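Before we start, here is the structure in question, set down as structure tokens.
None of the values given here were measured: they were computed from a predicted structure. First listed ligand is number 1; within each ligand, the first listed atom is number 1.
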Amino acid sequence: SSVQALPHERLIGWRISAPSGHAFDGSFPAPHHGIAIQRSVLDALLLNEAKTAGAEVRCGERVGDLLWSHGSVRGVRLGAGRAAEEINARLVVGADGLRSVVVRRLGHLRRAPRLKKLALTAHMSGPVDPRERGELHILANGCIGAAGVGDGLTNVTVVVNAESVGSAIAGARDAYFDALVARHDRFGGWQREDEVLATGPFDWPVHSAVSDGAMLVGDAAGYFDPFTGQGVYRALKGAALAAEHAHRALEQGSTSARALAGYDRAHRSAFNPGARLQRAIEAVVSREVLIEIASRGLGFAPSLADALVAVTADLRPVRSLLDPRLLGRLKSNGRH
Ligand SMILES: Cc1cc2nc3c(=O)[nH]c(=O)nc-3n(C[C@H](O)[C@H](O)[C@H](O)COP(=O)(O)OP(=O)(O)OC[C@H]3O[C@@H](n4cnc5c(N)ncnc54)[C@H](O)[C@@H]3O)c2cc1C
């Protein structure tokens, strides 16, 4: 309810269009709806909740390194050089995002990214805001996502293959973003309201979400691709799982990797099926022929489109896509 009290847009589902312009809709299962909200607004609320719960919040500090004792993490070092400050802790939780220092210092990075996507994002305003449905416009070499986030602003994100467009973007990301968005029929007459932020790649898998004296949460514990979003849910749900296991380990007096192993298992079982589906979706959307076939198929099979949207919104488990009742509904879609 505190999130709903903030400026946001309510989403009932997604409209997804293929490069040809052919589009289909997928809706969230009633009574659920999505919330599209500015990160600055959501993050301020989360920070405040943490403070209220007793956390000491220190903004503008950067963890530069981990502290070790007999092969186990025993804290973090803030900053570097003379200004460095050491903080001891029985357990360090690395929730420091895609380029996590904690992951790198633990040596938990499994490999360099294979999927090299780059996201450019900005707030825009336009003659017709997306209302009620987020929009995903798939292009031959990437996609444009758009969702109203309240206050008359729409978050517009362009995701492209970094390897094929990297040099075109270098030093000119605002111009690249503006040109790509302006070329799309949907965004004619739209205006960018702030600077373009760039991030990526996103494919940073880790060996494990735990180590002696440390846990990983959110993007630090592995993300893949922003196409289906899901990262905020994974971060919040992962944090809830981590809190449960951290509490138990601290109460039992051991934060060894063995004592924290239950978190790693719970994390895998909560998120690995979704990550596999993300890979399957990427295999389709990265091939123009397949996305055209899929968009036409899903246009004729609204039950399947809704089921996919429910799964990628984390409202239904991935296995629900194999539910025989869905097959039954698909047959009746085919008859109409
Ligand atoms: C373009 C784009 C669109 C997306 N769209 C969606 C969407 O629609 N829905 C969705 O659910 N997800 C979406 N995601 C993913 C989502 O943003 C992330 O998965 C989510 O923010 C992960 O949360 P996090 O807390 O793990 O990491 P972050 O939100 O990245 O937070 C990490 C924090 O750690 C801080 N930090 C980093 N390094 C250090 C350090 N060394 N010391 C101290 N602090 C540090 C950072 O400043 C930051 O505050 C999108 C991502 C991108 C890039």
Heavy atom of the protein closest to atom 29 (O) of ligand 1 (residue, atom name, distance): Arg39 NH2, 3.0 Å
For Ala95, atoms of ligand 1 separated by under 4.0 Å from a heavy atom: 32 (C), 33 (C), 34 (O)
Any Arg234 heavy atom less than 4.0 Å from ligand 1: no
Shortest protein contact, atom 44 (N) of ligand 1 (heavy atom only): Glu61 O, 4.3 Å
Test item: protein heavy atom less than 4.0 Å from atom 39 (C) of ligand 1: yes
Donor-acceptor side-chain pairing of Gln252 and Ser254 below 3.5 angstrom: no
Residue, atom name and distance, where the atom is the protein heavy atom closest to atom 35 (C) of ligand 1: Asp96 CA, 4.4 Å
Distance filter under 4.0 Å to Phe202 heavy atoms, resulting ligand 1 atoms: 53 (C)
Which of the ligand 1 atoms, numbered from 1, are nearer than 4.0 Å to a heavy atom of Val232: 10 (C), 11 (O), 12 (N)
Ionic contact status for Arg15 with Asp25, cut-off 4.0 Å: yes
Salt-bridge contact Asp174-Arg192 (side-chain N to carboxylate O under 4.0 Å): yes
Identity and distance of the protein heavy atom lying nearest atom 14 (N) of ligand 1: Tyr223 OH, 3.5 Å
Atom 23 (O) of ligand 1: nearest protein contact (heavy atom, Å): Ala235 CB, 3.6 Å
Protein residue, atom and distance nearest to atom 9 (N) of ligand 1, heavy-atom basis: Gly229 CA, 3.7 Å
Contact (N/O only, under 3.5 Å) between Val101 and ligand 1: no
Any side-chain heavy-atom pair of Arg58 and Leu78 under 4.5 Å: yes
Atoms of ligand 1 close to Gly97 [distance to a heavy atom under 4.0 angstrom, numbered from 1]: 27 (O), 30 (O), 32 (C)
Atom 42 (N) of ligand 1 [closest protein heavy-atom partner, distance rounded to 0.1 Å]: Val63 N, 2.8 Å
Ligand-side contact atoms (ligand 1) for residue partner Gly218, heavy atom cut-off under 4.0 Å: 26 (O)
Heavy-atom side-chain proximity of Trp190 to Ser125 below 4.5 angstrom: no
Atoms of ligand 1 close to Thr157 [distance to a heavy atom under 4.0 angstrom, numbered from 1]: 1 (C)
SB check Glu282 Arg287 (cutoff 4.0 Å): no
Ring-face cation of Arg234 near Tyr223 (centre distance under 6.0 Å, axis angle within 45°): no
Within-cut-off N or O pair, Ala119 and ligand 1, under 3.5 Å: no
Derivation of the salt bridge (Lys or Arg N to Asp or Glu O under 4.0 Å) call for Arg77 and Glu85: CA-CA 6 Å; Arg77 178 172 293 117; Glu85 180 189 344; over 6 Å; no
Heavy-atom closest pair, residues Phe202 and Lys117: CE1-O, 3.6 Å
Proximal ligand 1 atoms for Thr199, defined as those under 4.0 Å from one of its heavy atoms: 53 (C)
Any non-hydrogen protein atom less than 4.0 Å away from atom 49 (O) of ligand 1: no
Per-atom contacts of ligand 1 with Gln230, taking only distances under 4.0 Å to non-hydrogen atoms: 9 (N), 10 (C), 11 (O), 12 (N)
Test of proximity, Asp219 against ligand 1: N or O pairs below 3.5 Å: yes
Pair Asn155-Thr121, side-chain donor/acceptor within less than 3.5 Å: yes
Phe187 side chain reached by Ile144 side chain, heavy atoms, under 4.5 Å: yes
Pi-cation contact, Trp204 with Arg111 (under 6.0 Å, within 45°): no
Closest approach of any protein heavy atom to atom 51 (C) of ligand 1, naming residue and atom: Pro226 CB, 4.1 Å
Pair Ser100-Asp219, side-chain donor/acceptor within less than 3.5 Å: no
